[in-house]
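Data block below; observations after.
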2 protein chains.
Amino acid sequence: MLTQNNTTVATEWLDRLKASGYRLTDSTRAVVQVVAENSFALEPAQIFISARQLSPHLGLVTVYRTLDKLEETGLVQRVHQLNGCHAYVPAAPGHQHLLVCRSCSRVEYFSGDDLDELFGQVGRERGFLIQDHWLQLYGLCSVCQKEEAAG
Amino acid sequence: MLTQNNTTVATEWLDRLKASGYRLTDSTRAVVQVVAENSFALEPAQIFISARQLSPHLGLVTVYRTLDKLEETGLVQRVHQLNGCHAYVPAAPGHQHLLVCRSCSRVEYFSGDDLDELFGQVGRERGFLIQDHWLQLYGLCSVCQKEEAAG
DNA sequence: CTCTTATTGAAAATAATTATCATTATCAGT
DNA sequence: ACTGATAATGATAATTATTTTCAATAAGAG
């Protein structure tokens with residue numbers, strides 16, 4: 001019953017989950033539907049509220065479990081914010097970084113390919129072997145800038 | 001009784017706290033002593049264990065409260081790690097970024113002054129007003145690289 | 001030395017996440 | 001389609017992390 005509403009991204013995610021050996025259920029489909037088609041950083045409780053409208057018997061526990069699977073499969077990633085680090089967004093394709101709106105938590109992606117070399121250099125200077133990096137920009141998206149100027 | 005052991009950094013922190021209107025107590029001094037003189041990312045529970053050796057009646061609640069004050073005053077900052085974002089290190093002077101060892105959680109600092117312009121550019125392209133950014137590099141420090149090669 | 005009031009620690013309350021477990025439902029192999 | 005092994009589910013309980021409450025203490029200005 002969720003099937004007809006599935007858009008391309010959500011069905012892709014479901015295929016990926018299935019390919020990873022997970023079974024697909026209505027609960028899974030509801031959570032995927034909510035997170036995959038979304039450009040805001042969402043916390044488990046928010047996802048729960050939205051997804052339960054698509055699958056009324058859904059439990060919060062299943063949201064946590066599904067997020068684990070999605071993270072495991074590389075389909076979502078955590079967003080680190082000032083008020084905590086428990087929100088999720090669709091994982092950036094390739095190695096991209098996040099732009100997060102402080103007001104509405106909208107997320108956009110950008111690539112910083114040219115940064116890798118710089119970071120490696122920084123590591124070498126300090127005897128560190130750099131394995132990964134983590135970069136986020138915070139600010140106001142265009143929508144919230146207008147709101148702020150108006151209100 | 002903690003006074004004789006205080007090194008320069010810790011006393012500086014205490015002065016800063018006092019200047020901000022906070023009263024200084026043995027509990028405060030113990031927490032400051034532990035965190036200020038340290039180059040590893042420490043969680044509240046770890047700080048509690050160490051600091052209680054300096055001030056035996058110290059309660060865990062006071063560690064949380066002191067960390068809040070220290071963060072408020074800009075003396076410590078949070079470290080975001082894969083397993084959570086509840087560890088603290090001395091705040092980087094100026095606007096610096098962190099290099100975190102994944103094995104021992106040792107932290108070093110580096111400045112990326114030249115990055116600000118790049119980030120502003122990224123924001124402009126997407127209509128974002130960039131207000132802040134957050135960058136951490138993860139890897140292995142020199143000590144842990146050797147250990148790994150040996151073990 | 002005194003007084004005001006910030007700070008403390010113990011205990012309780014809250015919030016967030018994880019484990020337990022009997023039941024249900026997916027889907028591979030007929 | 002049918003069946004069986006077993007992954008997934010949701011309710012409940014347990015655990016962990018953090019915050020609140022509150023009476024007692026102690027810092028530090030005057």
Side-chain angles (χ1 to χ4, degrees), chain A residues 1-3 11 13-34 41-49 51-73 76 78-88, chain B residues 1-3 11 13-34 41-49 51-73 76 78-88:
Chain A
M1 98 297 251
L2 287 169
T3 343
T11 37
W13 284 30
L14 293 171
D15 289 346
R16 289 276 302 274
L17 283 176
K18 195 166 183 182
S20 299
Y22 296 115
R23 291 181 184 175
L24 303 184
T25 68
D26 264 14
S27 299
T28 307
R29 277 185 275 268
V31 172
V32 165
Q33 182 71 31
V34 167
L42 297 178
E43 303 198 354
Q46 298 175 287
I47 296 168
F48 175 57
I49 292 171
R52 195 154 52 160
Q53 294 178 2
L54 303 173
S55 180
H57 295 298
L58 177 67
L60 178 57
V61 193
T62 300
V63 174
Y64 280 100
R65 286 191 280 228
T66 307
L67 285 171
D68 283 347
K69 290 171 190 170
L70 289 172
E71 195 170 23
E72 181 78 18
T73 315
V76 301
R78 272 170 194 266
V79 178
H80 295 236
Q81 293 171 292
L82 299 174
N83 43 329
C85 308
H86 311 287
Y88 292 84
Chain B
M1 91 311 241
L2 287 167
T3 342
T11 36
W13 284 30
L14 293 171
D15 289 347
R16 289 276 303 274
L17 283 176
K18 196 166 182 183
S20 299
Y22 296 115
R23 291 181 183 175
L24 302 184
T25 68
D26 264 15
S27 300
T28 306
R29 278 186 273 268
V31 172
V32 165
Q33 181 72 32
V34 167
L42 297 178
E43 303 197 356
Q46 297 174 287
I47 296 168
F48 176 58
I49 292 170
R52 195 152 53 160
Q53 295 178 1
L54 303 174
S55 180
H57 293 297
L58 178 67
L60 177 57
V61 194
T62 299
V63 174
Y64 280 100
R65 287 192 280 228
T66 306
L67 285 171
D68 284 347
K69 291 171 189 170
L70 290 172
E71 195 170 22
E72 181 78 19
T73 315
V76 302
R78 272 170 193 268
V79 179
H80 296 237
Q81 293 174 292
L82 299 173
N83 43 326
C85 308
H86 312 287
Y88 293 83

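All chains are named by letter (A, B, ...) in the order of the sequence lines, taking the proteins before the strands, and each is independently numbered beginning at 1. As the structure is a prediction and not an experimental result, all values here were calculated from the model.
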Round to the nearest Å and state the distance from [X] atom [atom1] to [N] atom [atom2].
| X | N | atom1 | atom2 | value |
| --- | --- | --- | --- | --- |
| I47(A) | dA16(C) | CD1 | C1' | 14 Å |
| L67(B) | dT19(D) | CG | P | 10 Å |
| L42(B) | dA17(D) | CG | C1' | 17 Å |
| R29(A) | dT9(D) | CZ | P | 10 Å |

Under the rule for side chain to side chain contact (heavy atoms under 4.5 Å, CB included), what residues qualify as partners of [X], not counting sequence neighbours?
| X | value |
| --- | --- |
| Q46(B) | L42(B), E43(B) |
| R65(B) | V61(B), T62(B) |
| K18(A) | L24(A) |
| L82(A) | R102(A) |

ask   = Which letters describe nucleotides 1-11 of chain C, given B = protein heavy atom under 4.0 Å from base, S = only from sugar-phosphate, - = neither?
value = ---BBBSBB-B
query = Residues two or more places apart in sequence or in another chain: which of them pass ring pair (Phe, Tyr, Trp, His ring centres under 6.0 Å) with H80(A)?
reply =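 If we apply the ring pair (Phe, Tyr, Trp, His ring centres under 6.0 Å) test to H80(A), skipping adjacent residues, the hits are W134(A), H80(B), W134(B).
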query = Of all of residues 78-85 of chain B, which get a heavy atom below 4.0 angstrom from DNA chain D, listed by number?
reply =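 Nucleic-acid contacts, sorted: none.
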Non-hydrogen side-chain atoms of L70(B) and L17(B) separated by less than 4.5 Å =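 L70(B) reaches L17(B) side chain to side chain.
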query = Any donor and acceptor pair, going by atom type alone, linking the side chain of S20(B) with main-chain N or O of Y22(B) inside 3.5 Å?
reply =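 Not a single qualifying donor-acceptor pair exists.
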ask   = What residues form a side-chain hydrogen bond (donor to acceptor under 3.5 Å, both in side chains) with T66(B), not counting sequence neighbours?
value =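 For T66(B), no residue satisfies side-chain hydrogen bond (donor to acceptor under 3.5 Å, both in side chains) once neighbours in sequence are set aside.
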ask   = Among all residues two or more places apart in sequence or in another chain, which pass the salt bridge (Lys or Arg N to Asp or Glu O under 4.0 Å) test with E71(B)?
value =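 Per chain and number, E71(B) pairs via salt bridge (Lys or Arg N to Asp or Glu O under 4.0 Å) with R78(B).
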request  = Please give the angle, rounded to 10 degrees, between the axes at the start and the end of the helix from dC1(C)-dG30(D) to dT30(C)-dA1(D), where five pairs define each axis.
outcome  =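 Taking five pairs per end, the axes differ by 50°.
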